[in-house]
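We count ligands from 1, going down the list as the structure has it; atoms in each ligand are counted the same way.
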Amino acid sequence: MRISELDTPAIVIDLDIMERNLQRVAAYAREHGLELKPHTKTHKIPQLARRQMDLGAAGVTVAKTGEAEVMLEASPKELFVAYPVIGRKKLLRLVEVARKTKITVAIDSLFAARQLSDAAREHQVEIGILVEADVGLNRMGVTPGEPLLDLGRQVARLPWVQLRGITFYPGHVKSSGEESEQQLNDLSSLVQEMTSDWKKAGLPLEIVSGGSTPALFSSHRIKGLTEIRPGTYIFNDRNTWNMGACDVSDCAASIVTTVVSTARPRQMIIDGGSKTFSSDRLAGSSEVHFGYIVDAPSATFTKMNEEHGFIDLRNVKKEFSVGDRVRIIPNHICVAMNLHEQVYGVRGDEVVETWKVAARGKLQ
Ligand SMILES: Cc1ncc(COP(=O)(O)O)c(C=O)c1O
């Protein structure tokens with residue numbers, strides 16, 4: 001089947017670009033002796049998790065228990081749940097996952113660690129723990145220094161769970177420029193301090209896990225890091241490109257839409273809005289556009305309703321008609337993937353794969 005025969009809106013993945021992205025990061029991790037545990041929240045597809053592991057990834061990362069259940073289909077040797085698992089219902093499901101593969105969970109409270117310990121004892125399974133440190137994003141994680149060590153000591157004393165080390169998410173670190181240099185230097189010093197204090201306290205440090213897509217290729221500069229878990233790198237998106245972490249030629253995913261109205265002069269409406277693209281604005285920018293229009297780069301995707309995308313054509317010479325196809329690189333591919341039941345792998349104009357987005361909507 002050709003792309004032009006696909007019904008729209010549809011996410012298409014350029015397999016040549018995706019494979020290049022996967023190989024580049026696998027080679028980087030190998031070269032620097034970093035374990036790769038890609039975050040599958042971007043693609044949400046077990047077959048793609050399998051490809052990442054076939055290229056050398058040591059396992060995969062998920063955020064939600066439901067995603068962990070789905071990713072078992074890829075037979076990972078290890079699953080990192082980079083999100084606290086709170087509440088009996090989820091824990092009952094998590095222990096079933098733990099019977100099938102080695103799991104490690106990120107926590108930043110004794111409450112969460114105790115729940116894991118109780119569940120592991122009650123159901124006779126092993127669960128690893130990484131204590132999360134806040135290295136500057138101010139989202140999750142305890143403050144490095146005494147609060148981090150204190151939690152580490154308390155977790156180390158809990159039965160049935162294995163403290164394996166530290167995790168952090170450097171989502172605040174930019175990909176390039178002076179600010180990013182400073183952020184990387186600060187992060188490296190902080191990680192060295194944290195790990196040295198941790199070791200001095202006699203706490204186990206098998207894993208130091210970090211790594212996002214924007215700062216991906218600087219991960220080797222963070223001394224003491226053992227593992228990276230980027231997610232977006234498999235496809236990249238408008239935001240990744242906009243922040244200088246990739247080029248447009250590295251963006252593997254785009255959304256094919258159809259023009260459904262040209263009734264207003266110098267405007268067209270496409271058959272995808274916020275339920276197709278997500279409402280994510282361009283990160284770090286006051287400009288309002290919701291994607292890069294490959295077929296008309298000077299057009300602006302200015303507004304969305306649920307099923308309508310408003311494209312401003314005032315700066316565009318080309319004429320569009322109802323029925324035309326328009327391909328758009330979304331701002332944030334991870335959220336867009338969550339909105340689609342299936343996506344298509346393409347080579348040139350040929351659709352060669354269809355994948356069910358099996359972990360979409362797995363919010364629990
Ligand atoms: C805890 C955690 N680890 C890893 C990642 C992957 O980062 P990126 O999407 O920049 O590749 C994320 C992304 O949200 C995350 O929240």
Contact check: R229 vs ligand 1, nitrogen or oxygen atoms, below 3.5 angstrom: yes

T258 and D324: CA distance, side-chain angles, deciding distance, side chain to side chain contact (heavy atoms under 4.5 Å, CB included) verdict: CA-CA 6 Å; T258 298; D324 283 350; over 6 Å; no

Pi-cation contact, F290 with K303 (under 6.0 Å, within 45°): no

Check: T300/R314 side-chain N/O donor and acceptor closer than 3.5 Å: no

Within-cut-off N or O pair, G231 and ligand 1, under 3.5 Å: yes

T232, any N or O under 3.5 Å of ligand 1 N or O: yes

Atom indices of ligand 1 within 4.0 angstrom of S212 heavy atoms, with elements: 7 (O), 10 (O), 11 (O)

Residues R20, D250: salt bridge by 4.0 Å N-O rule: yes

Under-4.0 Å salt bridge between E126 and R99: no

T213-ligand 1 polar pair, N/O distance under 3.5 Å: yes

Which of the ligand 1 atoms, numbered from 1, are nearer than 4.0 Å to a heavy atom of P214: 10 (O)

Stepwise ring-ring contact (aromatic ring centres under 6.0 Å, His included) test for H220 and Y28: CA-CA 9 Å; H220 62 285; Y28 171 82; 5.6 Å; yes

H39, K41, R139: member with heavy atom nearest to atom 16 (O) of ligand 1: R139

Non-hydrogen atom of Y169 closer than 4.0 Å to ligand 1: yes

